[in-house]
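Bear in mind the structure is a predicted one, so any value in this text is a computation, not a measurement. Every chain is numbered from 1 and lettered A, B, ... according to where its sequence line falls, protein lines coming before strand lines.
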There are 2 protein chains.
Amino acid sequence: MELAKVKRDEVARVCAALGHSLRLEAMTFLISQPHGGAYVSDLVSHLSRAQSTVSHHLKILVEAGILAMESRGNWGWYQVVPTKLADLREYLLMFGLEAPHNAAGALI
Amino acid sequence: MELAKVKRDEVARVCAALGHSLRLEAMTFLISQPHGGAYVSDLVSHLSRAQSTVSHHLKILVEAGILAMESRGNWGWYQVVPTKLADLREYLLMFGLEAPHNAAGALI
DNA sequence: GGAATAAATCGACAATAGTCGATATAGAAT
DNA sequence: ATTCTATATCGACTATTGTCGATTTATTCC
């Protein structure tokens, strides 16, 4: 598979993970916390969803590389991985105002 | 509904639209074209999907504000709206390296 | 006006995603 | 060791999305 397609699939995966209001809310909550992260139980309270539902969404975000999980005893500490989103922002530059109409010529 | 939630729903809609490989491929094709856009029929050829399928994906991108459509006779000319993606990039800054852990404090 | 054509819309179906309650796992505390 | 607790995983169900062929709509060209 071409490199451009690999990259595109990766970006699509990240965007799909971001494409759900509840997951964005979880991320916003995480960065708002004093230490920049939180436990699953905190998110369950804040999001008002079943614990299994919250874990499911967290898994999607982790698999997309957007969140990182760290085990602390049997608590799971989650936080946003800023670099992943920085990568996405860079990719989106391709479509940006700065980009000439054929900037992606080499990427097709 | 709070402003933050409205904004989040909007971002989720845009990201969900971006969260499909075929749609990203369509966008990449559009910006690679000599005039920065193309007709539906061009995309049908390039994407190798049924015309109805291509129109469906274009509709999703237009409704998310990512593409603009311009009628030319009975051809439909599509192109990327750069500002929409610039807005998304700006939103994502919230989670970025530059952002302190509580940058979103006011947004919750 | 009538035929030809590009694209949008419709209807059906298959595949994927979201949600929950229940169960399993694994570390902590006793 | 046993119990307790936080989270992950499973199974079922519903809702949403992706795809296609067929039809409709709108515009151009005779």
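- Leu58(B) places its CG atom 16 Å from the P atom of dA6(C), with the value rounded to the nearest Å.
- Rounded to a whole Å, the CG atom of Leu18(A) is 16 Å from the C1' atom of dA17(C).
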Could you write nucleotides 9-20 of chain D as a row of B, S and -, 5' to 3', where a protein heavy atom under 4.0 Å of any base atom gives B, of only sugar-phosphate atoms gives S, and otherwise -?
B--------SBB

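- Among pairs with a residue in residues 11-20 of chain A, none fulfils side chain to side chain donor-acceptor pair (under 3.5 Å), at least two apart in sequence or across chains.
- The salt bridge (Lys or Arg N to Asp or Glu O under 4.0 Å) search around Asp9(A) returns Lys5(A), not counting sequence neighbours.
- Remark: the backbone N or O of Leu47(A) is paired with a side-chain donor or acceptor of Arg49(A) at under 3.5 angstrom.
- For the salt bridge (Lys or Arg N to Asp or Glu O under 4.0 Å) test, no residue two or more places apart in sequence or in another chain qualifies with Glu90(A).
- Side-chain contact annotation: Glu25(B) with Ser21(B), donor-acceptor N/O pair under 3.5 Å absent.
- Val54(A) pairs in a side chain to side chain contact (heavy atoms under 4.5 Å, CB included) with only one of the listed residues (Leu43(A), Asp42(A), Leu22(A)), which is Leu43(A).
- Expressed to the nearest 0.5 Å, how far OG of Ser41(A) lies from CH2 of Trp75(A) amounts to 8.5 Å.
- A heavy-atom distance below 4.5 Å is not found between the side chains of Tyr78(A) and Glu70(A).
- The backbone N or O of Leu24(B) sits less than 3.5 Å from a side-chain atom of Thr28(B), completing a donor-acceptor pair.
- Taking the C1' atoms of five terminal pairs at each end of the helix from dG1(C)-dC30(D) to dT30(C)-dA1(D), the two resulting helix axes are inclined by 30°, rounded to 10°.
- Residue Leu43(A) contributes atom CG, which lies 15 Å from atom P of dA6(D) at whole-angstrom precision.
- Atom CG of Leu18(B) sits about 6.0 Å away from atom CG of Leu85(B), to the nearest 0.5 Å.
- Within residues 67-80 of chain B, the residues that place at least one heavy atom under 4.0 Å from DNA chain D are, in residue-number order, Gly73(B), Asn74(B).
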